[in-house]
Engineer: 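This structure is in structure tokens; I'll ask about it shortly.
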Amino acid sequence: MVHMEDVRFRYGRKAPLFDGLSLELRTDTIYGLLGKNGAGKTTLLKLLCGLRFPESGRITVDGYSPETRDPALLEEIFIIPEEFPSPAVKVSQYAWLHGVFYPRFDSEEYERHVAEFELDPDQKISEMSYGQKKKALLAFGLAANTPLLLLDEPTNGLDIPSKGQFRRLLAGAANEDRTILISTHQVRDMENLIDPIVVLEEGRVIFNHSVDEVTDRLTMGVAPEEPVGAIYTEQVLGGFAAVLERRDDTASRIDLELLFNAVTTHPADMDTLFAKEAVK
């Protein structure tokens with residue numbers, strides 16, 4: 001559904017943020033977009049929905065170029081930014097005002113999400129806390145049922161129960177006709193939900209692999225002593241957390257934070273490892 005090829009983008013006269021960025025996103029998938037501050041995660045989302053325009057290269061979403069801002073494309077995309085306006089309308093009115101722009105919007109689904117997040121339909125969004133505002137927008141974005149859903153730091157501002165509610169709702173919203181792209185620093189909030197995992201570093205994609213590929217090639221865990229030959233280690237309570245090449249048929253749980261640190265610290269080693277045939 002999404003195709004980015006050799007994209008170049010810069011802010012003003014600054015050095016290019018992206019210079020040759022390429023990425024493919026398919027349907028029926030919840031992608032996790034990870035990267036350090038300034039890596040370009042938010043900018044990438046804005047390029048996909050036409051809020052920013054590439055200097056060169058090609059971007060298509062379902063065959064359309066986002067920079068044309070074609071209404072036929074805009075009704076197929078919903079973005080939930082990290083920062084957003086707070087209109088002085090009731091939660092129930094927000095759906096009435098904006099749902100008309102999205103042909104697949106389901107008002108009954110919206111009401112269910114509002115109830116799941118324990119929001120008051122008669123409260124004005126402008127009077128809510130940041131976390132409540134985020135939940136109201138998440139409820140609408142999920143109910144819009146757009147083929148492309150872009151989420152920028154969706155769990156920021158959510159308390160622990162709300163994060164669990166969000167994960168359940170998002171898992172239920174995923175289907176074969178939908179592409180979901182989540183940009184986040186809160187990687188532990190997204191474990192067991194995102195697949196594949198995409199990492200941005202210095203304006204390019206340095207990692208784009210499925211969970212199955214990761215578990216086929218890597219093993220992660222904590223050992224009392226620093227393992228010899230580890231790709232990446234860090235000292236933690238109780239020993240050393242490590243990422244190693246998998247050499248047997250025992251799979252391990254993925255630690256997204258540990259994986260991200262390994263990828264950004266040793267990208268060349270990871271490239272070499274993932275080019276090899278997986279352990280069978």
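Remember, predicted model here, so these are calculated numbers, not experimental data.
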Engineer: What closest approach, in Å, do A262 and V243 show between heavy atoms, and which atom pair accounts for it?
Structural biologist: CB-CG2, 4.0 Å
Engineer: Would one find more than 12 heavy atoms of other residues, nucleotides or ligands at under 6.0 Å from atom NZ of K163?
Structural biologist: yes
Engineer: Without swapping roles, check the side chain of T215 against the backbone of D212 for a donor-acceptor pair under 3.5 Å.
Structural biologist: yes
Engineer: Minimum heavy-atom separation for L47 to R52, with atom names?
Structural biologist: CD2-O, 3.5 Å
Engineer: Any chance you could measure F84, atom CZ, to Y130, atom OH, to the nearest 0.5 Å?
Structural biologist: 5.0 Å
Engineer: About how many Å separate CZ of R178 and CG of N145, when rounded to the nearest 0.5 Å?
Structural biologist: 5.0 Å
Engineer: What's the spacing between T42 OG1 and L17 CG if we round to 0.5 Å?
Structural biologist: 10.0 Å
Engineer: For I194 versus V211, what's the shortest heavy-atom pair and its separation?
Structural biologist: O-CG2, 3.7 Å
Engineer: Less than 4.5 Å apart, side chain to side chain, heavy atoms only: is that true for T60 and V2?
Structural biologist: no
Engineer: Is there a side-chain contact between E201 and P267 (heavy atoms, below 4.5 Å)?
Structural biologist: no
Engineer: For P71, does its backbone N or O pair with a side-chain atom of R69 as donor and acceptor, under 3.5 Å?
Structural biologist: no
Engineer: Can you name the closest pair of heavy atoms from L158 and K135 and give their distance?
Structural biologist: CD2-CG, 3.4 Å
Engineer: Can you check whether L44 reaches F18 side chain to side chain, under 4.5 Å on heavy atoms?
Structural biologist: yes
Engineer: For the atom pair CG (L74) and OG1 (T146), what is the distance rounded to the nearest 0.5 Å?
Structural biologist: 11.5 Å
Engineer: Rounded to the nearest 0.5 Å, what separates atom CG in L200 from atom CG in L34?
Structural biologist: 9.0 Å
Engineer: Does R246 reach the main-chain N or O of D249 with its side chain, forming a donor-acceptor pair under 3.5 Å?
Structural biologist: yes
Engineer: State whether E191 and R253 are salt-bridged, where the test is any N-O pair (Lys NZ or Arg NE/NH1/NH2 against Asp/Glu carboxylate O) under 4.0 Å.
Structural biologist: yes
Engineer: Tell me yes or no: between the side chains of K36 and T264, is some donor less than 3.5 Å from an acceptor?
Structural biologist: no
Engineer: What's the spacing between D195 CG and I254 CD1 if we round to 0.5 Å?
Structural biologist: 7.5 Å
Engineer: With sequence neighbours left out, which residue pairs that include part of residues 45-80 fulfil the ring pair (Phe, Tyr, Trp, His ring centres under 6.0 Å) condition?
Structural biologist: F78-Y102, F78-F140
Engineer: Tell me whether L51 is reachable from F101 by hopping between hydrophobic residues (I, L, V, M, F, W, Y) whose side-chain heavy atoms are closer than 4.5 Å.
Structural biologist: no
Engineer: Compare all side-chain heavy atoms of D177 with those of T27 and state whether any distance is below 4.5 angstrom.
Structural biologist: no
Engineer: Report yes or no: do N37 and H185 form a side-chain donor-acceptor pair below 3.5 Å?
Structural biologist: yes
Engineer: Is V198 linked to V214 within one hydrophobic cluster, defined over Ile, Leu, Val, Met, Phe, Trp and Tyr using a side-chain heavy-atom separation of less than 4.5 Å?
Structural biologist: no
Engineer: Is any side-chain N of the basic residue among R204 and D19 closer than 4.0 Å to the acidic one's carboxylate O?
Structural biologist: no
Engineer: Quick check on the hydrophobic clustering: are V89 and V114 connected, directly or via other members, by side-chain heavy-atom contacts under 4.5 Å?
Structural biologist: yes
Engineer: When you check the side-chain N and O atoms of T155 and Q186, is any donor under 3.5 Å from an acceptor?
Structural biologist: no
Engineer: Closest approach of L259 and M270, non-hydrogen atoms and distance?
Structural biologist: CD1-CE, 3.9 Å
Engineer: Between E257 and R188, is there a donor-acceptor pair closer than 3.5 Å when you use the side chain of the first and the backbone of the second?
Structural biologist: no
Engineer: Does S22 reach the main-chain N or O of D6 with its side chain, forming a donor-acceptor pair under 3.5 Å?
Structural biologist: yes
Engineer: Hey, quick one: are M220 and F260 part of the same hydrophobic cluster, counting side-chain heavy atoms closer than 4.5 Å, chains of contacts allowed?
Structural biologist: yes
Engineer: Hey, what's the ring geometry for F207 with H209, parallel, tilted or perpendicular (30° and 60° as the breaks)?
Structural biologist: perpendicular
Engineer: Donor-acceptor pair, R104 side chain versus A143 backbone, under 3.5 Å?
Structural biologist: no
Engineer: In this structure, would V100 and I77 fall into the same cluster of hydrophobic residues linked by side-chain contacts under 4.5 Å?
Structural biologist: no
Engineer: With the side chain counted from C-beta on, respond yes when L218 and I231 share a heavy-atom pair under 4.5 Å apart, and no when they do not.
Structural biologist: yes
Engineer: Has T179 got a side-chain atom pairing as donor or acceptor with R26's backbone, closer than 3.5 angstrom?
Structural biologist: yes
Engineer: Evaluate the side-chain proximity of E82 to N156: yes if any heavy-atom separation is below 4.5 Å, no if none is.
Structural biologist: yes
Engineer: Could you please spell out the steps behind the side chain to side chain contact (heavy atoms under 4.5 Å, CB included) verdict for D189 and F166?
Structural biologist: CA-CA 10 Å; D189 291 341; F166 165 69; over 6 Å; no
Engineer: I'd like to know whether the aromatic ring centres of Y110 and Y94 sit less than 6.0 Å apart in this structure.
Structural biologist: no
Engineer: Between L181 and L48, is the side chain to side chain contact (heavy atoms under 4.5 Å, CB included) condition met? List the steps.
Structural biologist: CA-CA 10 Å; L181 179 59; L48 291 180; 3.9 Å; yes
Engineer: Flag the pair P154 / L138 as yes when at least one side-chain heavy-atom distance between them is below 4.5 Å, and no otherwise.
Structural biologist: yes
Engineer: Using side-chain heavy atoms (C-beta onward) and a distance below 4.5 Å, is I182 in contact with L170?
Structural biologist: yes
Engineer: Does the pair F240 and Q235 meet the rule for a side chain to side chain contact (heavy atoms under 4.5 Å, CB included), with working shown?
Structural biologist: CA-CA 4 Å; F240 290 85; Q235 195 162 8; 4.0 Å; yes
Engineer: Quick check: closest heavy atoms across E5 and H3, and the distance to 0.1 Å?
Structural biologist: OE1-NE2, 3.1 Å
